[in-house]
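The shown structure was predicted, so the numbers you read here are calculated from the model rather than taken from an experiment. For this chain, numbers begin at 1 and follow the sequence in order.
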Amino acid sequence: LALASPAGIVRLDLPAQDDALEQAKRALGCDLGNAAIRDVEIGYPWAHLLPRDAVTLEDANTLAQCVRAMTSQELRVFGAVLEVEGPSSFHEAGTIAMDIDDYELVTDSEREYGMEALRYAGAGDELLDILDGFTDFDALGRCEMETDGVRETSFGSVRRLSAPWPRQEPEQGQTMC
């Protein structure tokens, strides 16, 4: 993050600790809330999904703390959720990051998703083997994905655990379940 004041420009690596913030404050000669944010540099493949206007130091630092604590899998989930949610501020992105456990990446395979739904309902592998050939697991998977609000993103298919995202309108040629 690059902060500017009439006294100069200070680059601040986030998340920043209190001593680094105090040092930046002294170098800029003003309260950091009064410093202008000149540049935000983020080294993740989903960085383009974050809004760059109305960024505050506090929100950027909170987001950086959350991202720093994420596993590589959570970072992929975060990218997928940013793509679906389209946050309008760093604050909203930070809220998503704090709630990352409310989302999960799921298989892109409709067949596998359908089989997982049956496993979740109590079906074992033996029953699935019996049903194979008599059950359209792809159709079941499509319906379950729609019911669960699964969204396809460039980071993989993702769903929200607390409450499914609202249903999307089907594209031409798609059928409802």
Side-chain angles (χ1 to χ4, degrees), residues 1-109 113 116 120 144-171:
L1 191 69
L3 297 170
S5 77
I9 295 175
V10 171
R11 291 198 70 64
L12 194 59
D13 288 331
L14 301 179
Q17 301 301 322
D18 289 340
D19 58 330
L21 294 171
E22 190 59 40
Q23 189 176 23
K25 181 178 175 180
R26 281 194 305 273
L28 293 172
C30 67
D31 183 55
L32 295 181
N34 295 329
I37 295 178
R38 282 282 175 96
D39 184 35
V40 179
E41 188 177 314
I42 304 167
Y44 290 99
W46 39 255
H48 66 285
L49 299 170
L50 293 171
R52 299 303 174 117
D53 52 338
V55 176
T56 67
L57 174 60
E58 181 180 350
D59 290 340
N61 205 35
T62 298
L63 180 59
Q65 288 170 344
C66 292
V67 167
R68 177 73 47 97
M70 288 182 188
T71 65
S72 60
Q73 178 70 6
E74 288 171 329
L75 289 169
R76 282 189 56 223
V77 171
F78 186 58
V81 176
L82 287 176
E83 198 171 303
V84 173
E85 294 280 2
S88 60
S89 67
F90 260 57
H91 181 78
E92 283 182 30
T95 300
I96 292 168
M98 286 185 256
D99 294 334
I100 199 65
D101 290 339
D102 189 31
Y103 307 91
E104 72 176 347
L105 290 178
V106 297
T107 181
D108 293 333
S109 166
Y113 202 89
E116 279 301 312
Y120 183 75
E144 289 295 317
M145 286 175 145
E146 185 177 322
T147 299
D148 291 346
V150 173
R151 297 287 191 268
E152 291 183 33
T153 73
S154 58
F155 298 93
S157 294
V158 65
R159 72 180 186 136
R160 186 168 49 197
L161 301 173
S162 60
W165 282 295
R167 292 180 186 230
Q168 291 179 310
E169 293 298 316
E171 297 175 15

Could you go through Asp31 and Lys25, starting from their C-alpha distance and side-chain angles, then the distance that decides it, and tell me whether this counts as side chain to side chain contact (heavy atoms under 4.5 Å, CB included)? CA-CA 6 Å; Asp31 183 55; Lys25 181 178 175 180; 4.3 Å; yes

Is there side-chain contact between Thr56 and His91, with at least one heavy-atom pair below 4.5 Å? no

Does the side chain of Arg159 reach to within under 4.5 Å of the side chain of Tyr113, using non-hydrogen atoms? yes

Please answer whether the main-chain N or O of Leu28 pairs with a side-chain N or O of Ser5 as donor and acceptor at a distance below 3.5 Å. yes

If we only count heavy atoms from C-beta on, is the Leu21 to Leu57 side-chain gap below 4.5 Å? yes

To the nearest 0.5 Å, atom CD of Gln23 lies from atom CD of Gln17 at 13.0 Å

Could you tell me which non-hydrogen atom of Leu14 sits nearest to which non-hydrogen atom of Ala60, and how far apart they are? CD1-CB, 3.7 Å

Is there a side-chain contact between Leu63 and Phe78 in this structure, where contact means two heavy atoms from C-beta onward sitting under 4.5 Å apart? yes

Roughly how far, to the nearest 0.5 Å, is the CD1 atom of Ile96 from the CG atom of Leu50? 9.0 Å

Hey, is CZ on Arg38 packed in by over 12 heavy atoms from elsewhere, all under 6.0 Å? no

Sub-3.5 Å donor-acceptor pair from the side chain of Asp39 to the main-chain atoms of Ala2, do we have one? no

Can you tell me how far apart CD1 (Ile37) and CZ (Arg52) are? Round to the nearest 0.5 Å. 11.0 Å

Within the 4.5 Å heavy-atom criterion, are Glu74 and Asp101 side-chain neighbours or not? yes

Heavy-atom closest pair (Met98 atom, Cys66 atom, distance to 0.1 Å) is CG-SG, 3.5 Å

Work out which heavy atom in Ala93 is nearest to a heavy atom in Pro87; give both atom names and the distance. N-CB, 3.8 Å

Checking side chain to side chain contact (heavy atoms under 4.5 Å, CB included) for the pair Glu116/Thr107: CA distance, chi angles, key distance, verdict? CA-CA 10 Å; Glu116 279 301 312; Thr107 181; 5.7 Å; no

Search all heavy atoms of Val106 against all heavy atoms of Val150 and return the closest pair with its distance. CG2-CG1, 3.8 Å

Does any non-hydrogen side-chain atom of Phe90 lie less than 4.5 Å from one of Thr62? no

Less than 4.5 Å apart, side chain to side chain, heavy atoms only: is that true for Val67 and Ile42? no

Salt-bridged, Arg160 to Glu85, with N to O below 4.0 Å? yes

If you measure from CG on Leu105 to CD on Gln73, what distance do you get to the nearest 0.5 Å? 5.0 Å

Between the main-chain N or O of Ser157 and the side-chain N or O of Asp108, is there a donor-acceptor pair closer than 3.5 Å? yes

Crowding at CG, Asp13 (>12 non-hydrogen neighbours, <6.0 Å): no

In terms of heavy-atom contacts, Ala24 and Leu32 come closest through C-CD2, 4.0 Å

Leu49 and Phe155: side chain to side chain contact (heavy atoms under 4.5 Å, CB included), yes or no, with the steps? CA-CA 12 Å; Leu49 299 170; Phe155 298 93; 3.9 Å; yes

Heavy-atom check, side chain of Leu3 versus side chain of Ile9, under 4.5 Å: no

Just how far is it from atom NE2 of His48 to atom CD of Glu83, taken to the nearest 0.5 Å? 6.5 Å

Which atom pair, heavy atoms only, marks the closest approach of Asn61 to Ala16? OD1-N, 2.7 Å

